[in-house]
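Below, read A as the first sequence line, B as the second, and so on, with proteins coming before strands; counting in each chain starts at 1. Reckoned from all heavy atoms, side chains included, excluding hydrogens, waters and symmetry mates. Remember, it's a predicted structure, so these values are computed and weren't measured experimentally.
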Protein chains: 2
Amino acid sequence: MRATVLNAGLAELVDVGFHALSLEGIARRAGVNKTTLYRRWGTKEALMLDAIRERASAKVPIPDTGSLREDLVTLVRAAIANLLTPEVQAMVRVGIALSPHENAVATMVSSFWTERLAVDGVVVERAIRRGEIPPVDPGGVIEAVLGPPYFRALVTGRPVTDEFLAGTVDLVLTGLLDPEHREVRGDLP
Amino acid sequence: MRATVLNAGLAELVDVGFHALSLEGIARRAGVNKTTLYRRWGTKEALMLDAIRERASAKVPIPDTGSLREDLVTLVRAAIANLLTPEVQAMVRVGIALSPHENAVATMVSSFWTERLAVDGVVVERAIRRGEIPPVDPGGVIEAVLGPPYFRALVTGRPVTDEFLAGTVDLVLTGLLDPEHREVRGDLP
DNA sequence: GCTAAAAGCAACAAAAAGTTGCTTTTAGGG
DNA sequence: CCCTAAAAGCAACTTTTTGTTGCTTTTAGC
């Protein structure tokens, strides 16, 4: 029942967007009485926070192919495939919109990404340990490869092709590897 | 009067967020009768679209220092200083949130970025013409340098320092310059 | 200083949001 | 199996928000 409602909430979010969301609408969609939602969550903010938190807790597998390039491409590909999903995209967009005004959302988003950058960062740490690249901030590398595709998907709206993903990873890696520009990597982007 | 209302709309957006925005609230803030707003814009979507469109039409100066690195750093620095402004940030966030559900917003955002990437891209084109870097997609370079800072500012929430901006530009430039990795740049990220 | 367009105003109507008291269902413990 | 407490359903209701309308007042341009 809880699951039904949270799913209905996400589905409704995808369809109408957060600003047009109502507890009544979700109740109707879930085939549930609105009183239940009012008693259990009170507001659409609380309900959606609950729904998103649930979904966002899914674990992602961390690749370990022995090549940083392969690992990163795999990781970014999975992240973006996920982001291009209607539900995840709606969740991310609503997170971006609400963060400044809903403290609970901001907290959740922040801790999600802290963990996520740390977890994904291990592929970078391994590469450093292997001597594949010089020491850099692992989280920064993840941001460097996720940034442009996210930017495309959410901001400029240009198509996020697989070539673009791979190209971004290659560009970043080349930058990290180049011996002539080592000095710029002190505080890695 | 129109200006007063649009300003009030943006101020209200910054304060309460789009989801909590109401024509009545804006009217109150602008010291104007709500009837006026209903007659002139009808909905908060229309009003905010108008407000944002107005603000987004400001022209940015395009640097031409003779060095791509300098040009890009200047450009990115200006863009991010702008983004870190409460008003612009609120506008960008609301654009991201509404794009999928408000066609007019999506259209505006899309054409804004198409133009913006083209305009900013001229610093890249000049560098190519100077032979400073090999031929690449200029818009892609702009996305590559704006992506990570935008990602930080809007998604991960980590602080966007000046070192981070410069580091991103350096990383991208190093990748572009490196002669051993030229092949990856065919369809530039 | 006349006039047409725009803004103000107050009084509504309509709809959405939220609440309440009570009934029904359901899951667990005896 | 049945009893019970918690959860869900239901319907009626209040309140708040949203949007509308007819009319008056202000204002800008001639």
Is B:Asp137 paired with A:Arg158 through a side-chain N to carboxylate O contact shorter than 4.0 Å?
yes
If the threshold is 4.0 Å, N to carboxylate O, is there a salt bridge linking B:Glu12 and B:Lys44?
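Salt bridge absent between B:Glu12 and B:Lys44.
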Between [atom2] of [N] and [atom1] of [X], the distance in whole Å:
X	N	atom1	atom2	result
B:Arg2	D:dA28	CZ	P	17 Å
A:Arg40	D:dA8	CZ	C1'	10 Å
B:Trp41	C:dA6	CH2	P	12 Å
A:Tyr38	D:dC10	OH	P	17 Å
A:Leu37	D:dC10	CG	P	13 Å
A:Glu45	C:dA17	CD	P	12 Å

Sugar-phosphate, base or nothing in reach of B:Thr36, heavy atoms under 4.0 Å
sugar-phosphate
To the nearest 0.5 Å, what is the distance between [atom1] ([X]) and [atom2] ([Y])?
X	Y	atom1	atom2	value
A:Arg53	A:Thr107	CZ	OG1	8.5 Å
B:Leu165	B:Leu72	CG	CG	11.5 Å
A:Arg93	A:Leu13	CZ	CG	11.0 Å
B:Glu143	B:Arg116	CD	CZ	12.5 Å

Looking only at the side chain of A:Lys34 (C-beta and beyond, no hydrogens), which of the listed nucleotides D:dG19, C:dG18, C:dA10 gets closest?
C:dG18
Should A:Lys59 and A:Glu115 be marked as a salt bridge (charged side-chain N to carboxylate O under 4.0 Å, His left out) after you check the CA-CA gap, both sets of side-chain angles, and the distance that decides it?
CA-CA 11 Å; A:Lys59 294 282 166 250; A:Glu115 187 196 328; 3.5 Å; yes
side-chain hydrogen bond (donor to acceptor under 3.5 Å, both in side chains), that's the test. Do A:Asn82 and A:Arg77 meet it? Break it down for me.
CA-CA 8 Å; A:Asn82 208 240; A:Arg77 207 174 275 167; over 6 Å; no
Return yes if the base of C:dG18 and the side-chain atoms of A:Arg39 contain a donor-acceptor N/O pair under 3.5 Å, otherwise no.
no
Nucleic acid contacts of residues 5-33 of chain B, taken as heavy-atom distances under 4.0 Å to DNA chain D
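DNA chain D contact set from residues 5-33 of chain B: B:Ser22, B:Glu24.
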If the helix axis at each end comes from five base pairs, how far does the helix from C:dG1-D:dC30 to C:dG30-D:dC1 deviate from straight, to 10°?
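It works out to 30° between the end axes.
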Is there a path of hydrophobic side-chain contacts, each under 4.5 Å between heavy atoms of I/L/V/M/F/W/Y residues, joining B:Ile52 to B:Val14?
no
